[in-house]
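Some notes on the structure that comes next.
Here the structure is a predicted model, which is why all the values come from computation and not from measurement. In what follows, every chain begins at residue 1, and chains take the letters A, B, ... in the order their sequences are listed.
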Amino acid sequence: MLSLLWLIPVLPLAGFLLLALCGGRLSRPHIAWVGCGSVGAAAVTTALVATDFFSVFPARESYQQTLWNWIDTSGMTVGISWYLDALSLLMVAVITGIGFLIHLYSAEYMAHDDGYARFFAYMNLFVAAMLTLVLADNLLLLYLGWEGVGLCSYLLIGFWYREPEYGRAAQKAFIVTRIGDTAFAIGLFILFTQFKTLSIQQVQSLATEAWPVGSNLAMIVAMLFLIGAVGKSAQLPLQVWLPDAMAGPTPVSALIHAATMVTAGVYLIARMHHLFEIAPMVQEVIAVLGLVTLLLAATSALVQQDIKRVLAYSTMSQIGYMFLALGVGAWSAALFHFLTHSCFKALLFLAAGSVIHSLHHEQNIFKMGGLRRHLPWTFWTFLIGAAAMSGVPLITSGFYSKDWILWSVWSSPLSHRWIWFGALLGAMLTGLYSFRLIFRVFFGEVRTQPTGESGLAMRLPLVVLAFLALTVGFLEMPHTLGNVTLFSHYLSHALPTTALLPGMDESSEAREQLAVTVAALLGIGLAALLFLPGSLFGARGTDQSTTHPSMTLLQGGWGFDQLYDRLFVRPWFAVTRNSSDMVDRGYEWLAVCAESCHGWLSHTQTGQVRWYAATIAVGTLMLLGLFAM
Amino acid sequence: MLSTPALVLAIILFGLGLIGLLSRRNILYMLLSLEIMLNAAALAFIAGGARWGQVDGEIMFLFILTLAAAEVSVALGIVLQLSHRFRTLDADAFCEMRG
Amino acid sequence: MEILFYIAAAVTVLATLRVITHVHAVHALLYLVVALIALSLIFYLFGAQFAAALEIIIYGGAIMVLFIFVVMLLGPLAVEQERTWFSLSAWVGPSILALVLLGEVGYLIASGDHPTMAVAEPRQKAISIALYGPYIIGVELASMLLLPGLIGAYHLGRRLSSEARSC
């Protein structure tokens with residue numbers, strides 16, 4: 001069964017090829033069957049592979065499968081080869097499982113769209129590329145998947161390409177992530193020139209041998225990889241593309257820009273953790289970047305008017321938590337948060353999509369309200385998602401993952417106290433903005449009349465994801481609460497366990513958890529106070545079209561767009577549009593020169609065969625004379 | 001042996017062919033001149049092969065023969081086309097590709 | 001032997017001169033045929049009987065026939081030359097030169113002095129072996145050249161006939 005591993009990425013790829021080549025001739029139900037079926041089959045294959053993998057799991061930690069040699073030149077051999085271990089199996093399970101649910105959802109959500117086949121073709125291609133990324137045995141194959149998901153992200157953000165605005169958003173996402181990808185590629189080159197191999201396992205073992213902790217090359221490579229990860233995962237300073245990426249259809253936002261692709265950076269750092277461990281300074285940078293991103297994004301999420309932009313900023317914020325965990329060396333905690341985040345964020349996006357669907361594509365939360373009674377399924381699932389995101393204690397998965405991260409931040413030797421306080425503030429803000437959404441959208445009076453609850457294909461994924469969002473957290477429970485260590489035990493075969501500071505016992509853990517709980521509940525309570533209609537300040541908060549400068553600053557995501565515009569775009573245009581610079585003169589001179597030479601030479605083109613024959617003869621004579629000399 | 005006179009003969013024939021190619025305006029004569037030049041080259045190869053007692057000269061002759069056959073079949077087709085279009089065989093009249 | 005070569009060479013040069021200087025296409029062609037026959041005699045003198053035979057069969061036969069066909073097809077363009085085509089004087093020059101060649105061949109047969117007849121047999125074999133051994137790429141290229149030649153000629157001829165029909 002384990003040898004079926006190659007099928008997992010191939011199935012969605014086959015679905016893509018089928019839809020791309022003859023999608024126009026298939027009927028809509030057939031397209032939906034192919035699109036969902038290929039991903040569903042991949043999910044089933046994953047389950048089969050996983051059972052086989054677990055049957056001998058602790059004894060055998062990884063499984064490698066080489067299909068064929070992709071590139072084989074002297075000094076460089078790159079294979080199409082898959083590498084399955086605890087980490088990649090987790091990623092594959094999330095991608096195929098949640099991917100399948102989202103495909104199922106889109107079968108109804110996109111039912112009336114003209115580009116039905118195109119949509120499913122892109123989605124299948126994305127799943128294939130993402131699986132290539134996480135299953136790759138070498139960095140080049142990983143890079144192939146990395147670029148593949150970037151391409152699909154571009155295609156799907158600009159899916160409704162008739163709107164120029166959406167096309168621009170797609171280009172922005174593509175170009176901004178390109179900066180990170182370029183850095184990643186340079187890091188890859190450096191690794192190859194140093195070690196003459198691209199296999200992830202070999203490179204890391206060679207690097208830990210060859211480079212001492214904190215050596216310059218390790219720092220540079222880790223930094224370049226970090227820039228790549230930051231670009232893909234929408235962290236500071238390359239985060240500006242994610243809010244605009246919400247131009248794509250909502251299932252796309254759920255799959256690509258919440259559950260899977262944006263966490264590719266987290267996966268990359270976790271996969272290359274040996275490299276980051278010998279670059280402790282870069283790890284610190286990761287932690288600080290994660291913290292700053294999560295705070296900036298959380299404050300921006302507080303004031304957004306578009307429901308999807310709120311969720312986009314919340315995604316940035318939650319990935320900030322993952323980066324924070326990676327930065328303090330809590331690899332498993334980051335991956336656990338990735339798992340719970342994929343469940344509840346996909347759920348939130350899909351529920352938001354359900355809201356948007358029933359409100360005729362209205363996305364402004366100030367035009368929503370009172371949907372609680374009209375959309376009960378959506379309301380309860382959205383509520384579960386928001387509760388999980390804000391970390392309502394004991395019953396939601398988000399609590400366990402976030403608590404684990406905060407406990408790691410508190411107790412890790414790599415961390416500082418102020419980072420923990422920042423993260424705690426973030427936890428409170430998370431509760432605030434999540435429940436602001438709930439109170440705005442589902443409470444109060446009805447502002448836009450909804451068309452009613454959506455069908456089964458959309459409700460089923462919501463229910464399944466809501467169930468997951470509640471229960472996934474029970475895979476790992478802290479010492480003070482049940483002490484379940486299934487997840488950390490499982491991942492300890494792929495990732496190192498977190499080092500703790502001495503003197504961290506259960507009582508300090510309990511105190512820390514209490515702080516997290518209080519922060520989350522405080523955020524929710526504050527939201528109820530501020531935004532719940534009928535509460536103390538709730539009535540006043542309806543009119544948010546304020547033009548206060550601080551509000552516009554926050555709504556624009558702390559003005560990074562304007563900053564980059566001033567810093568890079570405008571100077572660049574100023575340089576390129578300067579009509580009197582020397583470089584342009586040089587090229588113009590070249591053009592004039594070529595034109596005059598061409599005019600001169602064109603006189604020889606008389607169109608007369610005899611003239612050509614004569615020139616050939618003369619040329620031959622001259623050549624012969626040259627040789628004779 | 002006779003290889004030097006044969007090469008001289010080949011040069012003379014080649015020169016005559018070239019003169020014909022450059023001096024005649026009738027496209028049919030130009031093709032005939034080309035045939036003469038090809039034959040001159042073939043003669044040089046044959047003479048060379050005989051001089052060294054190798055078969056390569058004759059093999060090159062075979063190739064030249066093939067080339068000439070292909071060239072003549074296409075060229076005569078073009079001549080027919082041109083005469084049909086322009087109602088003349090004057091090579092200088094076919095100068096639509098003047099730069 | 002040598003005198004035979006010089007005579008044949010003189011015939012070739014004279015015939016070629018007439019080819020490039022003659023005004024009538026058919027006359028020029030006749031002279032060219034004579035030049036080719038003289039050349040084939042020279043080939044024979046160099047011991048390349050196979051090449052000599054091919055020179056006469058393919059050049060003197062097939063290719064020249066192609067030329068003559070085309071000259072015939074171009075009839076309307078050469079209509080003013082029609083009258084002179086069958087005049088006696090046109091035949092005199094080529095006939096004289098051909099007679100010279102005939103004399104040479106007769107002499108060769110009569111003297112029984114066949115230059116390299118003894119080694120002729122293995123020579124053909126050596127040519128074939130070389131052709132399909134080291135020169136196999138050349139043979140392939142030649143076949144690749146002939147095929148477009150065939151298609152090109154067919155295409156050019158077909159367009160002519162279809163245009164002629166549409167006119």
Side-chain angles (χ1 to χ4, degrees), chain B residues 1-3 5-6 8-9 12-13 16-21 23-24 26 28-29 31-33 35-36 38-40 42-43 45-47 49-51 53-63 65-81 83-85 87-89, chain C residues 1-2 5-6 9 12-13 16-17 19-22 25 28-29 32 35-36 39 42-43 45-48 50-51 54-55 58-59 62-63 66-67 69-71 73-74 76-77 116 123 126-127 129-131 135 138 141-143 145-146 148-150 152-157 159-160 163-164:
Chain B
M1 267 255 305
L2 285 170
S3 47
V8 172
L9 176 63
I12 291 172
L13 286 181
L16 285 174
L18 189 62
I19 291 168
L21 179 70
S23 59
R24 301 301 296 246
N26 190 324
L28 213 57
Y29 282 93
L31 284 179
L32 289 181
S33 308
E35 295 306 314
I36 293 167
L38 280 172
N39 265 302
L43 174 63
F45 272 116
I46 293 276
R51 168 71 182 80
Q54 299 287 322
V55 294
D56 303 44
E58 278 171 79
I59 286 172
M60 289 315 290
F61 170 77
L62 285 178
F63 288 151
L65 207 63
T66 321
L67 178 74
E71 174 243 321
V72 162
S73 60
V74 174
L76 289 179
I78 292 174
V79 167
L80 283 180
Q81 279 286 335
S83 65
H84 181 74
R85 285 266 163 87
R87 303 267 161 217
T88 176
L89 287 177
Chain C
M1 268 302 291
E2 290 201 16
F5 168 78
Y6 284 117
T12 314
V13 172
T16 306
L17 264 175
V19 171
I20 61 169
T21 53
H22 219 288
L29 277 171
L32 186 58
L36 291 174
L39 213 54
I42 292 172
F43 289 173
L45 288 175
F46 276 107
F50 186 49
L54 282 180
E55 177 87 3
I58 296 183
Y59 256 117
I63 294 179
L66 252 180
F67 266 100
F69 269 141
V70 169
V71 172
L73 277 173
L74 296 176
L77 286 172
T116 44
R123 203 173 164 79
I127 290 175
I129 289 169
L131 209 53
Y135 283 100
L141 286 175
S143 68
L145 181 70
L146 279 174
L150 184 72
Y154 172 72
H155 176 68
L156 288 166
R159 266 179 57 199
L160 184 70
E163 272 172 28

Contact part of [X] toward chain B, heavy-atom cut-off under 4.5 Å: side chain, backbone, both or neither?
| X | result |
| --- | --- |
| C:Leu145 | both |
| C:Leu36 | side chain |
| C:Leu66 | both |
| C:Ile42 | side chain |
| C:Ser143 | neither |

Original post:
If every non-hydrogen atom of B:Ile59 is compared with every non-hydrogen atom of C:Ile127, which pair is closest and at what distance?
Top reply: CD1-O, 3.9 Å
Going by heavy atoms in the side chains, are [X] and [Y] under 4.5 Å from each other?
| X | Y | value |
| --- | --- | --- |
| B:Phe45 | B:Glu58 | no |
| C:Phe43 | C:Leu54 | no |
| B:Leu13 | C:Leu39 | yes |

**OP:** Determine, stepwise, if the pair B:Phe61 / C:Phe50 fulfils ring-ring contact (aromatic ring centres under 6.0 Å, His included).
**Re:** CA-CA 10 Å; B:Phe61 170 77; C:Phe50 186 49; 8.6 Å; no
Original post:
Most heavy-atom pairs under 4.5 angstrom with chain C, which of B:Leu21, B:Leu67, B:Leu32?
Top reply: B:Leu32
**OP:** Sort out for me which of B:Ile19, B:Val72, B:Asn39, B:Ile78 touches chain C most, counting heavy-atom pairs under 4.5 Å.
**Re:** B:Asn39
Original post:
So, the side chain of B:Gln81 versus the backbone of C:Leu156: is there a donor-acceptor pair under 3.5 Å, distance only?
Top reply: yes
